[in-house]
Amino acid sequence: MKKLILIDGNSIAYRAFFALPLLNNDKGVYTNAVYGFTTMLLKIIEEEKPTHMLVAFDAGKTTFRHQTYSEYKGGRQKTPPELSEQFPLVRELLDAFNIARYEADNYEADDIIGTLAKQAAGKDWEVKIFSGDKDLLQLVSERITVALTKKGITQVDYYDQALLDEKYGITAEQIIDMKGLMGDSSDNIPGVPGIGEKTALKLLKEFGTVEKVLSSIDQISGKKMKERLEEHKEQALMSKELATIYTEVPYEKELEELRFGDYDSKQVVALLKELDFSSLLAKFDYDDPQEEEKELAALDYETVSQIEERHLTSPAALIVEVLQENYHQAEIEGIAISNKEGHFFVPTEAALQSELFRKWAKDATAKKWVFDAKRTVVVLGWRDLLLEGIDFDVQMASYLLDPSLSSHEITDVARRKGIEDVQEDELVYGKGAKLKVPEQDKLGLHLARKAHALYQLKPLLEEELQKNEQEKLYRELEMPLSVILGHMETTGVKVDTEQLKAMGEDLEGRLQELEQTIHQLAGVAFNINSPKQLGEILFEKLGLPPIKKTKTGYSTSADVLEKLAPQHEIVEHILHYRQLGKLSSTYIEGLLKVTRKETGKVHTRFNQALTQTGRLSSTDPNLQNIPIRLEEGRKIRKAFVPSEQGWKIVAADYSQIELRVLAHISKDDRLIEAFRKDMDIHTKTAMDVFHVEKEEVTANMRRSAKAVNFGIVYGISDYGLSQSLGITRKEAASFIERYFASYPKVKEYMDTIIEEGREKGYVSTLLQRRRYLPDLTSRNFNKRSFAERTAMNTPIQGTAADIIKKAMIDMAAALDDKKLKTRMLLQVHDELIFEVPEAELDEVMKLVPDVMEQAMELAVPLKADVSFGDTWYDAK
DNA sequence: TACGACACGC
DNA sequence: GACGTACGTGTCGTAC
């Protein structure tokens with residue numbers, strides 16, 4: 001059956017505008033009404049699956065109703081300009097969806113809707129009307145439902161005849177009579193003064209219509225009421241007329257032309273992106289077949305079988321295509337170069353076996369522009385091809401310009417710069433199990449397009465970096481670091497797999513015992529790893545009190561279990577089972593899975609363009625979260641060993657780097673003094689916060705002080721602090737207050753940085769790394785608070801990240817300078833790990849902390865502790 | 001295949 | 001006064 005959806009455009013846009021905070025996109029255009037409208041539209045499309053659709057708008061200021069009553073809609077607030085400017089966007093949106101829209105001089109949206117609804121219902125179509133205006137209820141019939149917004153924008157009540165009867169006890173036709181009696185202040189329809197909804201309904205239930213009410217005035221009880229009705233007879237009749245929707249609006253086209261569904265989703269996607277509606281984009285079905293078919297502009301490119309000088313100019317954009325996410329020892333699918341001479345696709349072997357190409361690659365003066373320098377260097381490195389002269393990395397630039405962007409993929413970076421003619425990798429290669437390389441001309445074209453995009457993007461991004469004063473951060477920190485990280489990854493870390501296996505077997509045995517004990521105590525066998533089953537056992541079978549709930553059921557997290565431990569013996573065994581299970585699956589089996597058989601090494605990948613703060617992350621395996629806190633887990637570190645006989649592992653970590661950074665940025669005298677004297681900072685904080693002498697600081701006071709310091713560094717809230725200390729939120733808040741009282745300039749810094757962030761839209765680190773925080777002006781308390789904590793925290797954590805990155809560059813240079821064989825292996829946020837030949841041990845043990853401490857000059861000294869051992873475990 | 005719960009590090 | 005609270009990655013179970 002055909003289903004027509006009619007939307008009251010003005011009404012929904014108004015609703016959305018007032019229901020949502022005044023959002024704007026990155027171009028400063030207000031978008032809250034369009035956003036709400038779009039949300040509603042997507043919901044309607046998804047839930048109603050309409051075959052036909054139309055959105056009606058009010059046209060001009062005057063309509064035929066003004067002839068009846070010149071004061072019609074008088075006294076209305078002017079439409080706020082922030083809303084009016086959004087109407088063209090709403091129209092654009094509808095055009096992108098190819099949804100019919102209509103407005104007619106002299107008529108209101110209601111009249112258009114009424115007209116079309118009647119026509120469609122007459123043809124037995126199903127009709128649904130969406131609006132916020134109760135007037136439309138008069139249209140309700142067997143075929144016509146009216147969806148009225150109630151709360152927010154997407155919550156609606158669907159009025160059919162039954163609901164109308166239930167809510168008002170009158171029929172659809174009587175809605176106009178009701179308006180005639182009670183009026184409508186929003187449309188300035190007078191009605192009868194003194195009669196409101198209650199009285200109007202009572203009268204109508206008794207007499208049926210306005211006319212009948214008026215002709216039966218003498219039967220009405222109440223002197224006042226009689227008088228009023230008598231006096232405002234005319235006005236009541238006129239009001240009824242005004243409220244009556246006119247259903248004969250001239251509409252030339254056929255209903256059939258309102259057909260919905262034939263739209264170009266590319267256009268919709270483009271518009272949603274332009275509006276910054278990324279959350280809606282996710283909901284919108286991308287895999288629309290029409291999208292994939294879209295033809296890109298043609299690109300002239302050459303497939304090269306023999307490399308010549310003209311292909312290898314400087315500068316040139318270079319694509320080395322690898323499909324595997326993990327690029328270590330990965331296949332190269334093809335190579336593309338774009339330069340002033342043109343665009344070239346070079347089959348992998350044709351390039352790698354070319355002497356000319358190899359020479360060009362290692363020529364540091366031949367400038368290469370790439371996408372993901374580290375990936376490119378490492379991939380070629382595994383093929384014994386040295387790549388030097390990397391002059392620009394588009395991915396890195398995009399990341400530095402705005403780390404919050406969800407994608408720094410070449411296609412997305414290009415699109416943001418208005419370059420549309422690059423295909424998504426996923427469209428070319430497919431994904432998951434269906435991933436495959438297309439025939440050569442398709443591949444060649446795709447890679448040539450990417451290279452071409454790179455070539456165009458470089459100057460655009462470079463200019464932006466300069467504008468942001470991030471050129472130095474980019475050229476002197478991140479770019480040199482990416483090459484160093486590439487070397488570290490390629491070097492890899494040796495793993496003692498025998499040791500791991502032995503630990504694994506031991507763990508397996510103990511896990512089995514624990515499992516038995518737990519099943520016995522539960523009285524039934526179940527999967528301990530399943531939070532669902534575990535919850536049922538603990539909270540239903542054993543009757544323990546559920547402390548916390550999750551979306552899906554009872555929470556069984558460690559902090560909950562710890563509280564339950566005294567009540568039942570089983571709980572401690574479960575905690576122990578979890579602990580060992582984690583070690584076994586993640587750290588033993590997980591690590592063994594990614595250890596290369598031939599070399600016994602793991603090659604992690606550091607993601608240098610991901611975190612919002614400037615830290616690195618590590619994957620496959622993640623070597624930044626190897627256990628240390630509990631002895632049991634810490635033993636895993638015994639499996640990380642030097643890759644050569646007689647070498648040692650050296651580990652050096654910064655002591656309190658974030659708090660030192662805080663002392664530097666805030667210039668707080670007490671904090672600076674504490675670090676200059678190299679005091680135990682948590683004890684010092686306890687002394688200051690609790691106003692006691694050093695000797696009087698109890699273990700508990702120090703623990704609290706440590707948690708507060710932790711909170712300052714990680715930007716947690718009073719709630720977070722209360723959780724970590726097991727105290728109330730009030731107490732936590734008062735702790736924080738006392739901290740600020742002790743370190744007034746820290747407080748000052750916190751206030752200033754929020755203010756600065758609000759004004760500029762972003763906060764920065766010492767080396768000009770940026771983080772944009774639009775939510776600092778959010779009206780949503782949560783969002784705003786979170787943004788404020790982020791504003792306070794990011795410059796601290798980010799500057800610490802800047803410092804260790806700088807230390808890594810200096811360290812690599814020092815090792816090179818001194819011709820040392822020592823290799824830098826890992827970075828764990830405030831820590832660097834090396835493998836060192838015995839003969840270099842003494843020198844390196846001094847060099848590493850020296851270099852780390854000199855990496856940057858702050859108002860307080862930096863301090864690094866260093867240690868060595870036969871394994872990572874022993875380097876403590 | 002996608003997502004939530006959980007747990008590890010800084 | 002409510003809101004739902006550091007950032008990452010990996011594993012498992014469970015739903016689709």
Side-chain angles (χ1 to χ4, degrees), chain A residues 282 403-404 431-434 526-535 548-562 574-575 577-591 593-594 604-608 610-630 632-634 636-637 653-654 656-659 707 709-724 729-730 732 771 775 778-794 796-798 800-801 804 826-831 872:
Chain A
S404 74
K431 67 168 176 182
K434 279 174 278 177
F526 68 101
N527 186 346
I528 307 167
N529 279 325
S530 158
K532 187 164 162 250
Q533 294 180 34
L534 180 60
K548 217 167 47 177
K549 281 200 151 189
T550 67
K551 268 184 256 172
T552 48
Y554 309 109
S555 169
T556 66
S557 61
D559 58 320
V560 169
L561 295 187
E562 268 153 31
I574 292 168
L575 280 165
Y577 181 89
R578 280 247 180 98
Q579 190 203 335
L580 301 190
K582 176 84 181 172
L583 292 178
S584 171
S585 66
T586 305
Y587 295 107
I588 306 274
E589 285 170 43
L591 220 41
K593 249 184 259 170
V594 293
T604 188
R605 281 169 298 133
F606 290 106
N607 198 334
Q608 197 185 349
L610 184 127
T611 70
Q612 302 305 300
T613 55
R615 278 185 170 186
L616 302 176
S617 76
S618 154
T619 50
D620 233 3
N622 180 353
L623 295 180
Q624 292 183 321
N625 72 342
I626 304 298
I628 190 164
R629 250 182 50 250
L630 302 170
E632 187 85 53
R634 190 174 196 156
I636 300 283
R637 296 182 172 224
D653 67 312
Y654 277 115
Q656 304 298 349
I657 188 167
E658 281 97 351
L659 291 174
N709 280 330
F710 181 86
I712 298 283
V713 167
Y714 286 111
I716 60 173
S717 58
D718 50 3
Y719 175 88
L721 182 63
S722 74
Q723 290 295 298
S724 69
R729 215 168 111 176
K730 263 213 169 110
R771 182 168 187 182
D775 284 349
S778 170
R779 284 189 229 168
N780 176 319
F781 175 85
N782 280 323
K783 285 189 173 176
R784 192 176 63 247
S785 308
F786 182 48
E788 287 174 357
R789 297 203 303 273
T790 310
M792 300 186 265
N793 160 252
T794 297
I796 302 175
Q797 220 191 96
I804 193 162
L826 296 174
Q827 187 249 51
V828 190
H829 307 309
D830 65 350
E831 183 184 5
W872 192 4

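Below, chains carry the letters A, B, ... as their sequence lines are ordered, and counting in each starts from 1.
The nearest whole Å value for the distance from the CG atom in A:Asn793 to the P atom in C:dC7 is 8 Å. When the P atom of B:dC8 is taken as reference, atom CG of A:Leu580 falls 10 Å away, rounded to whole Å. Rounded to whole Å, the distance from CG on A:Leu575 to P on B:dC6 is 12 Å. When rounded to the nearest whole Å, the span between CD of A:Gln797 and C1' of B:dC10 equals 8 Å. The distance between atom CD of A:Gln579 and atom C1' of B:dC6, rounded to the nearest whole Å, is 14 Å. Taking atom CD of A:Gln608 as the reference point, atom P of C:dG8 lies 15 Å away to the nearest angstrom. Atom-to-atom, CG of A:Leu826 to C1' of B:dG9 comes out at 13 Å; the value is rounded to the nearest Å. Rounded to whole Å, the distance from CZ on A:Phe781 to P on C:dC3 is 12 Å.
Judged purely by atom type and a 3.5 angstrom limit, A:Ser785 has no side-chain atom pairing as donor or acceptor with the backbone of A:Glu788. Under the 3.5 Å distance criterion, the side-chain polar atoms of A:Thr604 are matched with a main-chain donor or acceptor of A:Thr619. With A:Ser584 contributing its side chain and A:Leu580 its backbone, the two residues share no donor-acceptor pair below 3.5 Å. Looking only at distances, no side-chain donor or acceptor of A:Gln533 sits under 3.5 Å from a matching main-chain atom of A:Ile528. With hydrogens and angles disregarded, no donor-acceptor distance shorter than 3.5 Å links the side chain of A:Ser722 to the backbone of A:Ala732. Remark: the backbone N or O of A:Ile626 is paired with a side-chain donor or acceptor of A:Arg637 at under 3.5 angstrom.
Within 4.0 Å of A:Leu583, counting heavy atoms only, lies no atom of the nucleic acid at all. Backbone-only engagement by A:Arg578 is indicated by non-hydrogen atom pairs under 4.0 Å involving sugar-phosphate atoms exclusively. Among the atoms of the strands shown, only primed sugar atoms or phosphate atoms (P, OP1, OP2) are found under 4.0 Å from some heavy atom of A:Gln533. Using a 4.0 Å heavy-atom distance criterion, A:Ser785 is classed as making no nucleic acid contact. Using a 4.0 Å heavy-atom distance criterion, A:Asn527 is classed as a sugar-phosphate-only contact.
Minimum interatomic distance between A:Asn622 and A:Asn625 (heavy atoms only, all atoms of both residues): O-OD1, 3.3 Å.
For A:Val828, counting side-chain heavy atoms from C-beta on, the closest listed nucleotide (B:dC10, B:dC8, B:dA7) is B:dC10. In this structure, of C:dT14, B:dG9, B:dA7, it is B:dA7 that holds the atom nearest to the side chain of A:Lys582. Among the nucleotides C:dG10, B:dC10, B:dC8, the one closest to the side chain of A:Glu831 is B:dC10. When distances are taken from the side chain of A:Ala558 to each of B:dC10, B:dA7, C:dA15, the shortest belongs to B:dA7. Across C:dA6, B:dG9, C:dT9, the shortest atom-to-atom separation from the side chain of A:Asn622 is found for C:dT9. Here C:dC7 is the nucleotide among B:dC10, B:dC8, C:dC7 with the atom lying nearest to any side-chain atom of A:Phe786. Distance from the side chain of A:Asn625 is smallest to C:dG8 among C:dG8, B:dA7, C:dG13.
Nucleotides B:dA7 and C:dG1 have their C1' atoms positioned 33 Å apart, rounded to a whole Å. Remark: the separation of the P atoms in C:dT5 and B:dA5 is 11 Å, to the nearest Å. Comparing B:dG4 with C:dG4, their P atoms sit 15 Å apart, to the nearest whole Å.
Side-chain N/O atoms of A:Asn529 and base N/O atoms of C:dC12 include no donor-acceptor pair closer than 3.5 Å. Looking at A:Arg729, its side chain comes within 3.5 Å of the base of C:dG4 through a donor and an acceptor atom.
Between A:Thr790 and C:dA6 there is no side-chain N or O to OP1 or OP2 distance below 4.0 Å. Taking side-chain N and O atoms only, A:Arg789 has no distance below 4.0 Å to OP1 or OP2 of C:dT5.
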Which dot-bracket string describes DNA chain C (Watson-Crick N1-N3 plus N6-O4 or O6-N4, or G-U N1-O2 and O6-N3, all under 3.5 Å; [ ] crossing; | other strand)? ......|||||||||.
When you look at A:Leu659 and A:Val713, which way does the side-chain contact (heavy atoms from CB on, under 4.5 Å) test go after all the steps? CA-CA 7 Å; A:Leu659 291 174; A:Val713 167; 3.7 Å; yes
Evaluate the criterion salt bridge (Lys or Arg N to Asp or Glu O under 4.0 Å) for residue pair A:Arg578 and A:Glu562; output intermediate values, then yes/no. CA-CA 12 Å; A:Arg578 280 247 180 98; A:Glu562 268 153 31; over 6 Å; no
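Residue A:Leu616 holds its CG atom at 8.5 Å from CG of A:Asn607, rounded to the nearest 0.5 Å. Once rounded to the nearest 0.5 Å, the distance linking OG1 of A:Thr556 with CG of A:Leu534 reads 5.0 Å. Put simply, CZ on A:Arg784 and CG on A:Asp775 are 10.0 Å apart, with the number rounded to the nearest 0.5 Å.
Taking a 4.0 Å limit (strictly below) on heavy-atom distances, residues 610-620 of chain A reaches DNA chain B at A:Arg615. Remark: A:Tyr714, A:Ser717, A:Tyr719 in residues 712-722 of chain A come within less than 4.0 Å of DNA chain C through at least one heavy atom.
Considering A:Thr790, A:Thr613, A:Thr794, A:Asn793 as possible partners of A:Arg771, the one that fulfils the side chain to side chain donor-acceptor pair (under 3.5 Å) test is A:Thr794.
Side-chain atoms of A:Ser557 and A:Asp559 form a donor-acceptor pair, as typed in the model, at a separation below 3.5 Å.
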